[in-house]
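Counting starts at 1 for both ligands and their atoms, in listed order. Please read these numbers as outputs of a predicted model, since none were measured by experiment.
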Amino acid sequence: MKQLVVMKFGGTSVGSAERIKDVAAIVHEASEKYRVAVVVSAMSGVTDMLVRAAESAESKNKAAYQRAIEEIRSKHHEAIEALGLSLDESQALISTIEQQLVDLSDWLEGVYMLRELTPKARDLITSFGERLSIHLVAAALKNTNTFSKAVSAASCIVTDESFGDAQPNLAASKTHSEAILRPLIEEGIVPVITGFLGATPKGIISTLGRGGSDYSATIVGYCLDADEVWIWTDVTGVMTADPRIIPGARTIDALSYDEAAELSYFGAKVLHPLTMVPAALKHIPIVIKNTMDSAAPGTRITKKVAIDPRGVKAITSMKGLSLITVQGRVMTGVPGFAARVFGALAAAKISVMFISQASSQYNISLVVRHADGSRANQALRETFQHELTVHNIEMVKLQEELAIIAVVGEGMHGHPGVADNTFSSLGAGDINIIAIAQGSSERNISLVIHETDVPKAVQHIHDVFKLERSTV
Ligand code: ADP
Ligand code: ASP
Ligand code: MG
């Protein structure tokens with residue numbers, strides 16, 4: 001039997017009629033060799049438009065959200081016109097899109113009337129991008145004589161109710177996917193499935209978080225026991241650094257699931273951080289490929305890969321962060337202090353992205369997103385109000401406009417030169433390191449620096465490890 005490959009196409013890859021035709025050609029060619037299931041994102045920019053429309057409706061700006069609907073309508077109409085379909089097919093497609101837009105408009109009207117945008121309503125509204133794009137991709141595929149069917153993941157991916165950041169129930173999703181997707185595939189029909197969304201057991205639409213279509217692809221891969229998951233995007237694979245920051249960044253041939261997870265967690269936007277989880281559970285290789293350079297081999301992500309002798313494979317950066325430092329003598333040897341710090345933040349529903357504690361235990365530093373900074377500061381001040389009054393805690397300090405840089409590679413384990421080289425390269429560039437942490441996995445070293453230092457810092461570290469070269 002032919003191997004089963006799940007192929008996911010991101011927003012840029014389905015961003016125009018031209019791109020969609022390329023996608024159809026890629027899938028058509030692959031379908032001659034493999035059994036294929038396709039997962040697609042919204043056309044590029046559409047999810048952002050939907051977020052803005054939802055927020056405009058909530059703030060009673062009817063003109064703004066209506067403009068957004070118009071923009072979305074013309075983007076899809078323009079693409080449909082340029083897809084080169086027959087008149088009947090074009091008309092059928094336009095009427096499908098119009099039905100969806102009426103539905104979207106009703107939901108926005110509801111938010112407008114209530115003046116309230118609940119997480120549930122936000123997910124429902126933002127899910128429309130993928131619910132529209134699947135129809136264009138399915139039609140383009142039919143045009144290449146490939147049987148295809150647009151499928152909403154609401155019928156096959158079951159999630160919990162954490163709207164905006166929903167997590168799949170893999171067992172239930174497998175049951176539904178086997179029932180809905182398997183028969184299509186066995187009949188030679190390529191299902192074109194919405195990325196990004198699923199539905200709760202009650203059938204309410206949920207989303208997996210921004211950039212979540214990558215995650216959808218491996219969830220579908222898990223559910224169908226796929227042989228491989230291919231993630232098609234606008235770069236030739238996972239690179240040694242963000243190519244927008246380092247033009248000389250190089251595509252990495254092979255990464256482990258753990259390395260890829262670490263890179264995406266610390267800001268490599270090319271993959272949603274949870275993408276590796278379902279694939280790792282079943283050892284399904286993930287391949288990252290470029291829609292505009294389909295012959296390039298891309299990056300292969302598997303359980304075990306050869307260690308790079310440099311100890312480092314890539315550097316990532318994440319901006320828009322705040323650092324909170326709690327400092328004072330009460331911490332010295334007092335059990336339960338850290339628990340109170342984390343308890344206070346957990347109660348305020350703030351997630352901590354980075355922790356660093358000096359060995360003297362004189363201070364503890366935490367990084368949170370900028371949007372959570374003031375609330376985190378407030379929560380800690382309230383928790384330690386007494387200690388601050390009696391000066392057992394000297395200060396709770398908030399620093400903003402910071403970034404985390406992460407240096408990642410399995411080979412770092414037992415490779416003391418990595419830390420040395422990283423720090424000395426930053427020193428040579430006169431870049432001030434505000435805090436340091438090393439993951440216990442010894443797969444990354446992360447540093448907090450000023451946001452404005454990011455390009456220079458990434459370039460210096462990239463240079464010191466000679467990452468632009470494929471071998472050393
Ligand atoms: P898609 O729409 O296909 O999901 P994304 O925009 O989400 O694509 O992710 C691809 C982008 O990720 C690239 O265009 C690139 O700018 C960015 N990126 C950031 N860091 C990296 C990295 N280390 N390797 C590759 N791409 C990266
Ligand atoms: N369309 C969604 C987003 O823009 C999901 C994705 O593209 O992966 O976040
Ligand atoms: Mg993406």
Side-chain angles (χ1 to χ4, degrees), residues 7-16 19 22-23 39-52 72 122-123 125-134 153 157 164-166 193-198 205-220 230-253 255 259-275 286 288-293 296 298-299 301 312-319 405-409 454-455 458 461-462 467-468:
M7 297 196 182
K8 176 259 173 178
F9 295 89
T12 324
S13 304
V14 296
S16 67
R19 297 259 75 85
D22 289 347
V23 166
V39 172
V40 292
S41 289
M43 292 180 80
S44 54
V46 170
T47 311
D48 286 338
M49 291 179 204
L50 290 164
V51 169
R52 283 199 299 273
I72 294 169
R122 179 186 278 266
D123 273 15
I125 291 167
T126 51
S127 74
F128 273 91
E130 277 71 9
R131 287 158 69 189
L132 293 167
S133 66
I134 47 168
I157 297 182
D165 188 19
I193 309 156
T194 52
F196 188 44
L197 65 103
I205 287 200
S206 54
T207 70
L208 307 173
R210 292 306 304 270
S213 298
D214 304 322
Y215 193 15
S216 305
T218 54
I219 295 169
V220 171
W230 296 3
I231 296 191
W232 292 87
T233 182
D234 56 4
V235 280
T236 46
V238 181
M239 310 185 81
T240 49
D242 185 339
R244 290 166 299 186
I245 301 180
I246 308 293
R250 177 181 50 83
T251 302
I252 304 165
D253 308 335
L255 284 171
E259 286 173 328
E262 208 102 24
L263 285 170
S264 51
Y265 177 78
F266 284 111
K269 192 193 166 214
V270 62
L271 285 171
H272 182 284
L274 296 176
T275 309
I286 304 172
I288 317 298
K289 288 175 76 71
N290 189 344
T291 331
M292 285 163 278
D293 183 7
T299 302
I301 306 172
V312 171
K313 282 211 177 144
I315 306 149
T316 61
S317 59
M318 201 175 0
K319 292 185 179 179
I405 298 244
V407 181
V408 176
V454 164
V458 177
I461 302 173
H462 203 266
L467 291 183
E468 72 288 355

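Within the listing of ligand 2, atoms 3 (C), 4 (O), 9 (O) sit less than 4.0 angstrom from a heavy atom of Arg210. Shown in contact with Glu130 at under 4.0 Å from a heavy atom are these atoms of ligand 2, numbered in order with element: 1 (N), 2 (C), 5 (C). Close contacts between ligand 2 and Ser41 involve ligand atoms 6 (C), 7 (O), 8 (O) [criterion: under 4.0 Å to a heavy atom]. Residue Thr47 has at least one heavy-atom neighbour below 4.0 Å for each of these atoms of ligand 2: 1 (N), 2 (C), 3 (C), 4 (O). Short contacts between ligand 2 and Ser213, defined as distances under 4.0 Å to a heavy atom of the residue, involve ligand atoms 5 (C), 6 (C), 7 (O), 8 (O). Taking every heavy atom of Ala241 and a limit of under 4.0 angstrom, the matching atoms of ligand 1 come to 22 (C), 23 (N). Atoms of ligand 1 lying under 4.0 Å from any heavy atom of Val238, numbered from 1 in the order shown and given with element: 24 (N).
Remark: side-chain polar atoms of Asp123 are not paired, donor with acceptor, to backbone N or O of Ile205 under 3.5 angstrom. In this structure, Ser16 contributes its side chain and Arg19 its backbone to a donor-acceptor pair below 3.5 Å. Between the side chain of Ser216 and the backbone N or O of Phe196, at least one donor-acceptor pair lies under 3.5 Å. Under the 3.5 Å distance criterion, the side-chain polar atoms of Thr299 are matched with a main-chain donor or acceptor of Val238.
Taking OG of Ser41 as the start and CD1 of Ile134 as the end, the distance is 12.5 Å to the nearest 0.5 Å. In this structure, Ile219 CD1 and Leu274 CG are separated by 8.5 Å, a value rounded to the nearest 0.5 Å.
In terms of polar-atom proximity, Lys269 is counted as a contact of ligand 1, with an N or O under 3.5 Å from an N or O of the ligand. Every N/O-N/O distance between Gly11 and ligand 2 stays at or above 3.5 Å. Checked by distance only, ligand 1 and Thr233 come closer than 3.5 Å through their nitrogen or oxygen atoms. Between Met239 and ligand 1, at least one N/O pair is under 3.5 Å apart. Looking at ligand 2, you won't find any N or O of Asp214 less than 3.5 Å from one of its N or O atoms. By the 3.5 Å distance cut-off applied to N or O atoms, Lys8 is not counted among the residues near ligand 2. Residue-to-ligand polar distances keep Ser41 apart from ligand 1: every N/O pair is separated by 3.5 Å or more. Below 3.5 Å of separation, one finds an N or O of Gly11 facing an N or O of ligand 1.
At the shortest separation from atom 25 (C) of ligand 1 among protein heavy atoms lies Gly237 O, 3.4 Å. Nearest protein heavy-atom neighbour of atom 13 (C) of ligand 1: Asp234 OD1, 3.5 Å. Ranking the protein heavy atoms by distance from atom 27 (C) of ligand 1 puts Pro243 CD, 3.7 Å first. Looking from atom 4 (O) of ligand 1 to the surrounding protein, the closest heavy atom is Lys8 NZ, 3.1 Å. From the protein, the heavy atom lying nearest to atom 17 (C) of ligand 1 is Arg244 NH2, 3.6 Å. In this structure, the protein non-hydrogen atom closest to atom 12 (O) of ligand 1 is Val270 N, 3.4 Å. Given atom 18 (N) of ligand 1, the protein heavy atom at minimum distance is Asp242 OD1, 3.8 Å.
Proximity of Gly211 to ligand 2 is established by a heavy-atom distance of less than 4.0 Å.
At a threshold of 4.5 Å between non-hydrogen side-chain atoms, the residues Val51 and Arg122 count as touching. When side chains are defined from C-beta on, Thr275 counts as touching Ile231, because their heavy atoms get closer than 4.5 Å. The side-chain heavy atoms of Ile301 and Leu271, taken from C-beta on, include a pair separated by under 4.5 Å. In this structure the side chain of Glu130 reaches within 4.5 angstrom of the side chain of Thr47, judged on heavy atoms.
Looking at residues two or more places apart in sequence or on another chain, you find a side chain to side chain contact (heavy atoms under 4.5 Å, CB included) between Ala153 and Ile157, Ile193, Thr194, Leu197.
Contacts classified as salt bridge (charged side-chain N to carboxylate O under 4.0 Å, His left out) and involving residues 236-248 (residues at least two apart or in different chains) are given here: Asp242-Arg244.
Between Ala296 and Thr236, the closest heavy-atom pair is CB-CG2, 4.3 Å.
Between Asp214 and Lys269 there is no salt bridge, since no side-chain nitrogen of the basic residue lies less than 4.0 Å from a carboxylate oxygen of the acidic one.
At a 4.0 Å heavy-atom cut-off, ligand 2 does not touch His272 at all.
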